[in-house]
Amino acid sequence: MQSDLKKILSQSIAFWTFRILSLAVMGILFSILGFIIVKGIGVVSWDFITKMPEDGMTKGGIYPAIIGTLCLIAGSMLFAFPIGVMSGIYIFEYTKDSWYRRFVQLMTANLAGVPSIVFGLFGMALFVNKLGFGDSILAGSLTLGLLALPVVIRTTEEALKAIDNSYREASYALGATKLQTIKRVTLPMALPNIITGLILSIGRVSGETAPILFTVAAYFLPKLPTSVFDQVMALPYHLYVISTSGTNIAESRGMAYGTAVILILIVLILNIIANIIRRFLTKKYKTN
Amino acid sequence: MRLLLVLVKPLPLTVIKKILNKTIEGVLMLSSTITTLTVLLIVLFLFKEGVSVFKESPLDGDNVIVLNNQNDVNHLSAADIKKIFDQETTNWKLVGGANDSILLFTFNDLSNYFSEEELGPEFEYLPHKMDSLIEANPGMIAVFSKKYLDKNHKSKVATIDNISPKTFLLGKEWFPTANPAVQLGVLPLILGTLYVSIVAILIALPIGLATAIYIAEVAHPKIRAIYKPVIELLAGIPSVVYGFFGLIVIVPLIQKIFDLPVGESGLAGAIVLAIMALPTIITVTEDALRNTPRAMKEASLALGATQWQTIYKVVIPYSASGISAAAILGIGRAIGETMAVLMVTGNAAVMPHSLLEPLRTIPATIAAELGEAPANGIHYKALFGLGCILFIITMVINIWVETISKRRVNR
C-alpha cells in the first residue's frame, strides 16, 4: 500500500516537473516573440516597408532591405529548388541501395550540418574572389542556394518515401516507363510535401545572415539593384548592423524592433502556409 | 537517293524515347552529383586557403628584423618579437642572448636619429645609415622594410619561423593585425567556442528532455497539437532575431544581476544558444522517444509498472541513443552558430576564465574580422584556417550523430 502511494507520488512529481518545465519553455519562447512584437509592431507601417532609410538609418523605412531579401530568396530558390528536387528524385527513384546513394546521402547530411559562416567563407572564396562575381546578388544567391540545397533534397526524398510503393507498381503494371511513373504518379503525389519543404527553406534563407555578410550584403545602400551584379541590403544583416554598429544605436532601436518584427512575420506567415498545405494534404489522403 | 531517304527517315519512336529517358536520367544524376561536388569544393577551397597560412611569415608585409652582428641571438619567434616590441622583454638574456638591454628601433624613430638631409630626398642614403646605426648599437633590434636593407649589410637579419600548426593551435594570443609580428594563436577562440556551447547544452538538455518527454508521453494529444507547431516555428526564427533579443534583454539583465561593467559575456551567449538549441533538442528527442515500440511499453504497464516507471525504465533506455544524438546535434548547432553569439558575447579574444567575462567564438571571429582582412593576406588565410577547424569539428559531430542513429536502426 505504501509502495503504491510512493509510486503514484513519484509519478505525479515527475509529471508535474515536466509539465512546468515544458510550460516554462513555451513561456520563454512566447515571451521572446511577444516582447519583440509588442515593442516593434508600432513601428511597422506602410511607410516603414515602402520607404528608404533616412538620417543614418534612424528614420524612414527598410524598403531596400526587403527588396534585397526578396531578390536573394528568388535567386537562391531558382538555384536550389530545381537542382534539389532533381537530385532528390534521382537518389530515391533511380539509385538502389548502392555505394553511390550512401555516399550522396552522407554528403547531403554533411552539407546540412556545415555552419552557415563556413558557407559564407566558401562563397567569398569561390564566387566573390575566384569567379570574380564580386559582392553581388549572384554570389549571395548561390551561397544561400547551397545552404538550402540539402534541405530541399531531404524534403524531396522524404516526400517520395511517403508514397506507397503500390502506386508505383500499379503504374508499372499498366506498362508505364519509370519516367512516366515519376511524371504522372509519384511527382504529383509528392508535390504538396515538396512545396512545404520549399516554403520552409525560404524561411531559412530569408533569415540567414552569416552567408551573406561577405558575399552580398551592403551596410547602407538607398537604391534598388538593377542587375545581378549589384550589392543589396538584406533584412537580417540590416537588423544586425543597426542593433550593433549603426551610427546611432539608441536612436535606431525603433527601426531594429520593426525589422525584427518583419523577420518574425515572414517566418510566421511561411510556417502558416506550410501548415495549411500539410493539413490539406493529410485530409486529402485520409478521404482517399 | 535511297541512302538519303534512309538518313532522313526518322528514328523509331522507341529509340527517341529511350534517348530522352537516358538524357533525363543523366540530368538528374548530374544534379545529385552537384551536392557531392559542393562538399568537395568547400573542403578544397577552405583547406587550400587555410593551410596556406602555414607558409606565411608572421612579419607584417615585407618587413625584416635586423640585429647587430655581435648579437648572440639569430632566431626569434613571433611571440618573442611581440614581447620585445611591447617592451615586456627588455633584456636579450630572456630570449637567449647576452645580458644586454634591448634597444628598439621602428620607422617612427627615424627622425630621432637622422635629419632629412642625411637621408636624402628619396631616402637613398637610408640603407647605409641604418646599417651603421645598428652596428654602432650592440643591443639594437630594428624593424623596417626589406627595401631599406643595405646591399652589403654588416648587420644581420634575424630568422623568423613561419606560422606553425603548433603555434596556431596552441598559441594563447590572437592579435591578427599586431605590428610588427602578428600573433595567431587560436586556443582562446577554440576554448571560447567549446565553453559557450557546452554550457548552453547543459542548460538546454534537461529542460529540452523534460519537454520532449512531456510532449511524447504525458501530454494530451490536443496540447501536443499546440506544442509541436510552436516549436517548429521557433526553430525557424532567424538567429539574428535571437541575438537581438539577447542584446536588449539578456545582456542588460546579466549586467544588473551580477553587477558587471559589461553584460556581454559568455553566460549571455550560453543562454541565447540554449534557447536556440531547445527546438532542435526537443524535436530530435521526441522523435526518438516516440520510436519506442508500443509492445515494449505495454509489456511494462502489464507488469504493473506505473507510466512514470515505464518511461524511465523502458522508454528512456530504449531511446538513449536518440537522446544522445539530440545532445550532440545541439552542441554541433551551438558551435556553428554565428550571429547571435557575435551579438552578445562581447568578442574579447582572450583565454576564457569565467563565464561572466566577454569571450569570443570561432564563427564570431570569422564574421567580425573577415570584412577587414585584405584578401589573400595572412589574416585572411588565418580566418580560413579557423573555418577549417570549424568544418572539421562539425564534420566529426555529423558523422558521430550518423553512426549513433545507424546503431539505433540496426538494433
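As a basis for the values below, the full set of heavy atoms in this structure was taken, side chains included, without hydrogen atoms, waters or symmetry mates. In the text below, chain A, chain B and the rest are named by the order of the sequence lines, each starting its count at 1.
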Q: Quick one: pull up CG in A:D4 and OG1 in B:T306 and give me the separation to the nearest 0.5 Å.
A: 9.5 Å

(Q) What part of B:L278 gets within 4.5 angstrom of chain A, counting heavy atoms only: side chain, backbone, both, or neither? (A) side chain

Q. Between OG1 of A:T259 and CZ of B:F244, what distance do you get to the nearest 0.5 Å?
A. 8.0 Å

Q: To the nearest 0.5 Å, tell me how far B:T35 OG1 sits from A:N110 CG.
A: 12.0 Å

Q: Output the distance between atom CD1 (A:I89) and atom CE (B:M29), rounded to the nearest 0.5 Å.
A: 15.5 Å

Q. In terms of heavy-atom proximity below 4.5 Å to chain A, should B:T36 be classed as side chain, backbone, both, or neither?
A. both

Q: Please state whether the side chain, the backbone, both or neither of B:E25 comes within less than 4.5 Å of a heavy atom of chain A.
A: both

(Q) Between B:M395 and chain A, with a heavy-atom cut-off of 4.5 Å, which part of the residue counts as in contact: side chain, backbone, both or neither? (A) both

Q | Heavy-atom side-chain proximity of B:V240 to A:L235 below 4.5 angstrom | A | no

Q) Quick one: are A:L33 and B:I237 in side-chain contact, heavy atoms under 4.5 Å? A) yes

**Q.** chain A contact via B:V241 - side chain, backbone, both or neither, heavy atoms under 4.5 Å
**A.** both

Q) Side chains of B:T33 and A:Y100: donor-acceptor distance under 3.5 Å anywhere? A) yes

(Q) Is there a side-chain contact between B:L370 and A:M124 in this structure, where contact means two heavy atoms from C-beta onward sitting under 4.5 Å apart? (A) yes

Q | Distance (rounded to the nearest 0.5 Å) between A:F15 CZ and B:Q307 CD | A | 4.0 Å

(Q) Using 0.5 Å steps for rounding, measure from the CG atom of A:L29 to the CG atom of B:L233. (A) 9.5 Å

Q) A:L146 versus chain B, heavy atoms under 4.5 Å apart: side chain, backbone, both or neither? A) side chain

Q. Hey, are the side chains of B:E402 and A:Q105 touching, using non-hydrogen atoms and a 4.5 Å cut-off?
A. no

